[in-house]
Amino acid sequence: MQLYSFFNSSTSYRVRIALAIKGLSVDYCAVNLRAGEQRETTYRALNPAGGVPLLIDEQGNGLGQSLAIIDYLEALHPEPPLLPANPLVRARVLELAHLVACDMHPLNNLRVLNYLTNELGVSEAQKQAWYEHWIAEGLRAAEALLIRYGFGDYCFGDRPTLADCCLVPQVANGMRMHCDLTSYARVMAVYQHCLQQPAFQQAAPAMQPDFTS
Ligand SMILES: N[C@@H](CCC(=O)N[C@@H](CS)C(=O)NCC(=O)O)C(=O)O
């Protein structure tokens, strides 16, 4: 399999964590988002959405969208599971994953930030305020959900799930963008626990072949 990825893309990071938890290896194909490679015609021929990650499976099928990729990996390689068997806990995992993937990440995606700057002419300070606002909105909700329904060392239990695959990269983005995360004690406890695990360490931006500081 091949994974088209960028080292500090949080959506790629989600898939890298899932791959590492399942013990799957891929050929890493770097797409430099800073250089705009995701918008090039050759890349759009592979992924019409023009983003990373993109998985090419062993049969040559290309698949975009991090949650679809993780779902595909889960179907092909069910052990260890990233979705719990208990229907309500599974729904809680999906609730948190979708909070990150649907409500948080799209608002602070690179193309949105570029549009704010290049088309709408917002200042760097306004763009930073936008970024921090949507991180705070999302993590406030994540913190409340984890306090109410979370248990164990991970988001939901003593094994990592899709929720952890999504939460950890989103927290990493917030830290990289200097957001104040001090109000989210349960979120940060889960984040710190995950960072101690080999699968999360292997998937980290700094461990990727295209990493640059
Ligand atoms: N919903 C998609 C989002 C994919 C996406 O847009 N990824 C970002 C990187 S985190 C990207 O490639 N951005 C490029 C851009 O906005 O130009 C997913 O979950 O895979």
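Just follow the structure's listing: the first ligand is 1, and inside any ligand the first atom is 1. The first residue in the sequence is number 1, and the count goes up from there. All values derive from a computational prediction rather than experimental measurement.
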Asks: Return the closest protein heavy atom for atom 9 (C) of ligand 1 as residue, atom name and distance.
Replies: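 Result: S9 OG, 3.5 Å.
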
Asks: Which heavy atom of L67 sits nearest a heavy atom of A101, and at what distance?
Replies: CD1-CB, 3.8 Å

Asks: If you round to the nearest 0.5 Å, how far is CG of D153 from SG of C194?
Replies: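 It comes to 9.0 Å.
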
Asks: At their closest point, which heavy atom of D164 faces which heavy atom of P169, and how far apart are they?
Replies: O-CD, 4.1 Å

Asks: So which bit of Q65 gets within less than 4.0 Å of ligand 1, heavy atoms only: side chain, backbone, both or neither?
Replies: both

Asks: Can you measure from CZ (R186) to CG (L145) and round to the nearest 0.5 angstrom?
Replies: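 Atom-to-atom, R186:CZ and L145:CG are 11.5 Å apart.
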
Asks: Show me which atoms of ligand 1 lie under 4.0 Å from any heavy atom of L33.
Replies: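 Matching atoms, with element in brackets: 9 (C), 11 (C), 12 (O).
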
Asks: If we set the cut-off at 4.0 Å for heavy atoms, which region of N114 has an atom near ligand 1: side chain, backbone, both, or neither?
Replies: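 For N114, there is no contact with ligand 1 at all, from either part.
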
Asks: Hey, which atoms in ligand 1 end up nearer than 4.0 Å to a heavy atom of P53?
Replies: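 The list of qualifying atoms is 20 (O).
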
Asks: Is there at least one pair of N or O atoms, one from R111 and one from ligand 1, spaced under 3.5 Å apart?
Replies: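 In this structure, R111 places an N or O atom under 3.5 Å from an N or O of ligand 1.
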
Asks: Flag V52 as yes when one of its N or O atoms lies below 3.5 Å from any N or O atom of ligand 1, and as no otherwise.
Replies: yes

Asks: Any nitrogen or oxygen of S66, main chain or side chain, under 3.5 Å from a nitrogen or oxygen of ligand 1?
Replies: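 Among all N and O atoms of S66, at least one is under 3.5 Å from an N or O of ligand 1.
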
Asks: Out of curiosity, is N109 lining ligand 1, as in a heavy atom under 4.0 Å away?
Replies: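 Flag set, N109 near ligand 1.
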
Asks: Hey, does A101 sit under 4.0 Å from ligand 1 if you only count heavy atoms?
Replies: no

Asks: Taking the inter-plane angle between the rings of Y4 and Y43 on a 0 to 90° scale, is it parallel (under 30°), tilted (30 to 60°) or perpendicular (over 60°)?
Replies: tilted

Asks: Atom 17 (O) of ligand 1: which protein heavy atom is closest, and how many Å away?
Replies: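 Among all protein heavy atoms, the one nearest atom 17 (O) of ligand 1 is Q38 NE2, 2.8 Å.
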
Asks: Dump the intermediate steps for salt bridge (charged side-chain N to carboxylate O under 4.0 Å, His left out) on E79 and K22, then the final yes or no.
Replies: CA-CA 7 Å; E79 293 297 328; K22 289 181 178 292; over 6 Å; no

Asks: Would you name the heavy atoms of N8 and R34 that are closest together and state the gap between them?
Replies: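 Where N8 meets R34 most closely, the heavy atoms are ND2-NH2, 3.5 Å.
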
Asks: Between E124 and K127, does any side-chain N to carboxylate O distance fall below 4.0 Å?
Replies: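 Result for this pair is yes, salt bridge flagged.
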
